[in-house]
There are 2 protein chains.
Amino acid sequence: MKTADPELMRAINRFNVLDTIRRHGPISRVEISERSELSTTTVSAITASLLDDGLILTRHEGDIRNAAARGRPRVMLELNPDAARVVGAKIAANRMVFAVTNFRGEVLSDLTLPIRVDRQPIAVIADLIEDGVRRCVVDADLSLEDIDSICIGLPGVIEHRTGCVRSSPIFRETDVDFASEMTSRLKVATIVESDAHAITLAHHWFGRARDLDDMVLVSLEQTLGLGVLHAGQLFRGAGGLSHNLGDLVLGVGHSQTVRLATLAGESAILGEHPMDGRFAEAVRLGRGMAHAQALIAAEDNTLIAASARAGEAIGLAVANIVTLFGPPRVVIVGSSLSLGSVFVESIREAYQAAIPPSIRSVAELVFDESVDETWAQGAAVVALCELYESPWGTTGPAPGL
Amino acid sequence: MKTADPELMRAINRFNVLDTIRRHGPISRVEISERSELSTTTVSAITASLLDDGLILTRHEGDIRNAAARGRPRVMLELNPDAARVVGAKIAANRMVFAVTNFRGEVLSDLTLPIRVDRQPIAVIADLIEDGVRRCVVDADLSLEDIDSICIGLPGVIEHRTGCVRSSPIFRETDVDFASEMTSRLKVATIVESDAHAITLAHHWFGRARDLDDMVLVSLEQTLGLGVLHAGQLFRGAGGLSHNLGDLVLGVGHSQTVRLATLAGESAILGEHPMDGRFAEAVRLGRGMAHAQALIAAEDNTLIAASARAGEAIGLAVANIVTLFGPPRVVIVGSSLSLGSVFVESIREAYQAAIPPSIRSVAELVFDESVDETWAQGAAVVALCELYESPWGTTGPAPGL
DNA sequence: TGAATTAATCCGCATTGGGGAAAAATTGGT
DNA sequence: ACCAATTTTTCCCCAATGCGGATTAATTCA
């Protein structure tokens, strides 16, 4: 049970101020005071402390009020981009993507390695990731010592608190303590998170959900993932587990139960198609979805049917999720969107048919073909969130400079 | 955004102390200090204030330590049962149940009115409820002026924050501001809540989830409801909405989508059976489920098949919910459980078949045929929780009783 | 140059929780 | 009966926080 002492009080207000500065760009103290409902005195004290710790910077230009404003001009405050650096990584079956970002989450360098890590031994995967992180850091003209935290986004069921990978399509083993593994290799605090959670935060910070504190994201890749943002925070299941949408079952009647993954996973869609050499090659290299779109454009009926069927199943699942969480927006991302309008429209239609009339107007569906770099950036944001919220858990100011 | 001032700090600690006293029966200041990790000084100050406000009582007997304990004996503190009184109500299609409880949530009087309110005009339903509340209060030798708060539990989709009933099977209208209606009638602060949420809190305080701060409850009545307890608090959807399990869709393939309610709602199960006069009468009076069990015992194959089919659908839905929320326990309640073992075993089997192997061991299923009074008590607990004015509150279990 | 205006800071106050000393209330032994 | 030992509870004082009002700072306008 958390005990509420002055220290916690300060930590809360400090975080709120810092978060307000992050969200609302260069911002003056008065405006922070209005937004956070703290007195100007308190804001002044806290920003002084933040300036002292080097987390924010002053900027004397950029007062946006009427140019003809009377009185003492406002001093704008903004996040010090160099207050920290983090690395985010997205690991998929056929590629790894890395991004180094500054304290604001802006990408300093990124790196894509089109390597199939699928089912390699843990040590091999860890080796490859370690290498990628190091190279990406060097690309940003930095050294590993400059990195404050690392977050690795993986598909599958991840236990965020412990950094344990319960199960992932790219690991042969289950229950892997991957956070410890990478931390000891890189000598930098490394956390492990579901890739769906990473892209969820990316959309909250920079993407299609900037304006919302509640939303749901569905990621359609090899694995079907889910991210739920609730009151501005990632909602993690009871054990801190991430969700795995692919494990949802559809079906009715005797033994007609089907897992969503077997209907709508990447391999399920492509698997139904008799592949010629070029298509098979494309799939093996992870460009299967883009190639499939070309086939669909050429009116390949097998693929069109598979896409429609998959979209239908996903539409149903999304409707159920909206029924449960009631979010104002559902962001749908992932490589499967490359299948194009047949797929997307199929999702929309099934969703409209399945959503109960009483909440039909609650949620809007938004599709976004996020590029890989965004996923890695999202992982970096997860790492940044930990840094921001460190005052909640552990005492003491964030890593100064 | 909540601003953290000393007042909030005090409110948090005060609530924690009060909650600790409620949970752990008569308890000494030292033990509160240990459990809450507050200093004895602070605990003393807060308990003094609580005593001053009449919320708790001292008791000089009952020190459970070794009878041969040296030193000053502990003074035990406990909730003052008379610090407040609330009324809880459960409104179902064919009956209304009321309970007056004290500050501890102990039932002082209860009243069941086997009246069918189904689809009556709002004013009629409100009249009946008003009457029931008044009678139940009188039964407890109290007057309405002694009542501090009232909570009415209804099936359907309820917006807790505003007290608006978005849709309910017992209302003809939608979007009814029922909280205002009842508050103005009774002149006592009245809140409206989903009946599933009410029974969820009842099980958290007194029932099958006393030991847990995370769990999921599924209620199988005329309406299929869901309650999610997360970190000791009811998890409400983004808009403060309650969930409606019956709106979930099962199904795969073209236009085979079926809503859970049409498969597993009470009327769906009973509706398939060709009713003779006595059965129809029983159903009309709300004893349909009990009667159905008798028919099942007599090997009525139509009903057995319907029960099995319904159980199957529910088992699937429960598996999906566990996949999403990962709770350590699922409590299943509701009148449909009267159908007996055919139904229950069917749920269990379908659940086992549908739950992904990786999380098969996460959750246990618990069935509980909660009596109606418990539902009303749960509504009272909802009202008590508001009184406790939990600022961030984990309103947890009371092991005693 | 001075008045008006707005932003940021300084000073003092009330409140909080915590630590250590003191008081209170008991048991055990002589 | 009395005193030492022990344990709980309270009392006193301190540091830290946020806030309100007064003060200072930095600008525009007349």
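Within every chain, numbering begins at 1; the chains are lettered A, B, ... in the order of the sequence lines, protein sequences first and strands thereafter. Worth saying up front: this structure is predicted, and the values here are computed from it rather than measured.
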Would you indicate, yes or no, if [N] has its OP1 or OP2 atom less than 4.0 angstrom from a side-chain nitrogen or oxygen of [X]?
X        : N       : value
Arg70(B) : dG28(C) : no
Arg29(B) : dT8(D)  : no
Arg72(B) : dT9(D)  : no

Glu193(B) side-chain N/O to Ala379(B) backbone N/O, donor-acceptor pair under 3.5 Å:
no

Between Asn80(B) (side chain) and Leu57(B) (backbone), is there a donor-acceptor pair under 3.5 Å?
no

Parallel, tilted or perpendicular: which fits the ring planes of Phe235(A) and His230(B), with parallel below 30° and perpendicular above 60°?
tilted

Between [X] ([atom1]) and [N] ([atom2]), how many Å, whole number?
X        : N       : atom1 : atom2 : result
Ile56(B) : dT9(D)  : CD1   : P     : 12 Å
Glu34(B) : dT9(D)  : CD    : P     : 11 Å
Glu31(A) : dA7(C)  : CD    : C1'   : 13 Å
Ile12(A) : dT17(D) : CD1   : C1'   : 12 Å
His60(A) : dA7(C)  : NE2   : P     : 15 Å
Ile32(B) : dT9(D)  : CD1   : P     : 9 Å
Met76(A) : dA7(C)  : CE    : C1'   : 12 Å

Could you work out, with side-chain hydrogen bond (donor to acceptor under 3.5 Å, both in side chains) as the rule, every residue matching Thr47(B), not counting sequence neighbours?
Arg29(B)

Nucleotide by nucleotide, nucleotides 13-21 of chain C touches protein heavy atoms under 4.0 Å in the pattern (B base, S sugar-phosphate only, - none) ---SSBBB-

Atom CD of Glu106(A) with >12 non-hydrogen neighbours under 6.0 angstrom
yes

Among all residues two or more places apart in sequence or in another chain, which pass the salt bridge (charged side-chain N to carboxylate O under 4.0 Å, His left out) test with Glu78(B)?
Arg59(B), Arg104(B)

